[in-house]
Amino acid sequence: VQLQASGGGLVQAGGSLRLSCAASDSVSNFNGMAWYRQAPGKQRESVARITRSGTTNYSDSVKGRFTISRDNAKSTVYLQMNSLKPEDTAVYYCYAWGSRGYWGQGTQVTVSS
């Protein structure tokens, strides 16, 4: 299984970005998928997740600003990020889990103040 993340970039505070994670396998085959992020000098943290049934969960720091969604036909999971803040700057990673976990490569998100 391969996960290809894209959509990162440089944006000003208050702006928006949409990350995409394309899976080589059908996303419906996973128990769930998630986005994590890791800022310099910090541990990797969970940002948002969506289960096979469609249940979503967000970290308190992004709740109300980020939305995770899934397109089964495209085998892609998205992370819509609005009202971005400088503290959202990090490398964002896609993750999928089933009988085991799979990580995608990271995509850099930089939010300037």
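Numbering of residues begins at 1 and proceeds along the displayed sequence. Every heavy atom of this structure was used, including side-chain atoms; hydrogens, water molecules and symmetry mates were not.
- Note on Asp88 versus Lys85: no salt bridge recorded, every NZ/NE/NH1/NH2 to OD/OE distance being 4.0 Å or above.
- Among residue pairs with one or both ends in residues 43-58, those qualifying as salt bridge (Lys or Arg N to Asp or Glu O under 4.0 Å) are Arg37-Glu45; sequence neighbours excluded.
- Heavy atoms only, all atoms of each residue included: Ala90 and Gln108 are closest at O-NE2, 3.4 Å.
- Applying the side-chain hydrogen bond (donor to acceptor under 3.5 Å, both in side chains) test to Lys42 and every residue at least two apart in sequence or in another chain returns nothing.
- Residues forming a side-chain hydrogen bond (donor to acceptor under 3.5 Å, both in side chains) with Thr55 (at least two apart in sequence, or on another chain): Ser53.
- Applying the salt bridge (Lys or Arg N to Asp or Glu O under 4.0 Å) definition to pairs two or more places apart or across chains, none involves residues 68-77.
- A pairwise comparison of heavy atoms in Thr89 and Val111 identifies OG1-N, 2.9 Å as the closest pair.
- Ser69 OG to Arg18 CZ: the interatomic distance, rounded to the nearest 0.5 Å, is 7.0 Å.
- With sequence neighbours left out, Gln80 forms a side-chain hydrogen bond (donor to acceptor under 3.5 Å, both in side chains) with Asn82.
- Contacts classified as salt bridge (Lys or Arg N to Asp or Glu O under 4.0 Å) and involving residues 101-113 (residues at least two apart or in different chains) are not found.
- With a 4.5 Å cut-off on side-chain heavy atoms, Leu19 and Val109 count as touching.
- Under the 4.5 Å side-chain heavy-atom criterion for ILVMFWY residues, no single connected hydrophobic cluster contains both Leu84 and Tyr93.
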Go through the steps to decide whether Ile50 and Val27 satisfy the test side-chain contact (heavy atoms from CB on, under 4.5 Å), and finish with yes or no.
CA-CA 11 Å; Ile50 183 166; Val27 297; over 6 Å; no
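- Residues forming a side chain to side chain contact (heavy atoms under 4.5 Å, CB included) with Ser83 (at least two apart in sequence, or on another chain): Arg65.
- Nearest heavy-atom pair, Ala23 versus Phe30, reported as atom, atom and distance to 0.1 Å: CB-CE1, 4.1 Å.
- Residues that satisfy the ring-ring contact (aromatic ring centres under 6.0 Å, His included) test with Trp103, not counting sequence neighbours, are Tyr36, Tyr95.
- In this view, Ser28 and Ser26 satisfy the side-chain hydrogen bond (donor to acceptor under 3.5 Å, both in side chains) rule, not counting sequence neighbours.
- The hydrophobic clustering, which links ILVMFWY residues whose side-chain heavy atoms are closer than 4.5 Å, places Ile68 and Val91 apart.
- Between Lys63 and Tyr58 the shortest heavy-atom distance is CE-O, 3.7 Å.
- Sorted by first then second residue, the salt bridge (Lys or Arg N to Asp or Glu O under 4.0 Å) pairs that include residues 91-100, not counting sequence neighbours, number zero.
- Taking every heavy atom of both residues into account, Cys21 and Trp35 meet most closely at CB-CZ2, 3.6 Å.
- Taking CH2 of Trp97 as the start and CE of Met33 as the end, the distance is 9.0 Å to the nearest 0.5 Å.
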Donor-acceptor contacts under 3.5 Å from residues 3-15 side chains, at least two apart:
none

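- Residues passing the ring-ring contact (aromatic ring centres under 6.0 Å, His included) test with Phe66: none are found, sequence neighbours excluded.
- Cluster membership check: Tyr102 does not share its hydrophobic cluster with Tyr78, using side-chain heavy-atom separations under 4.5 Å among Ile, Leu, Val, Met, Phe, Trp and Tyr.
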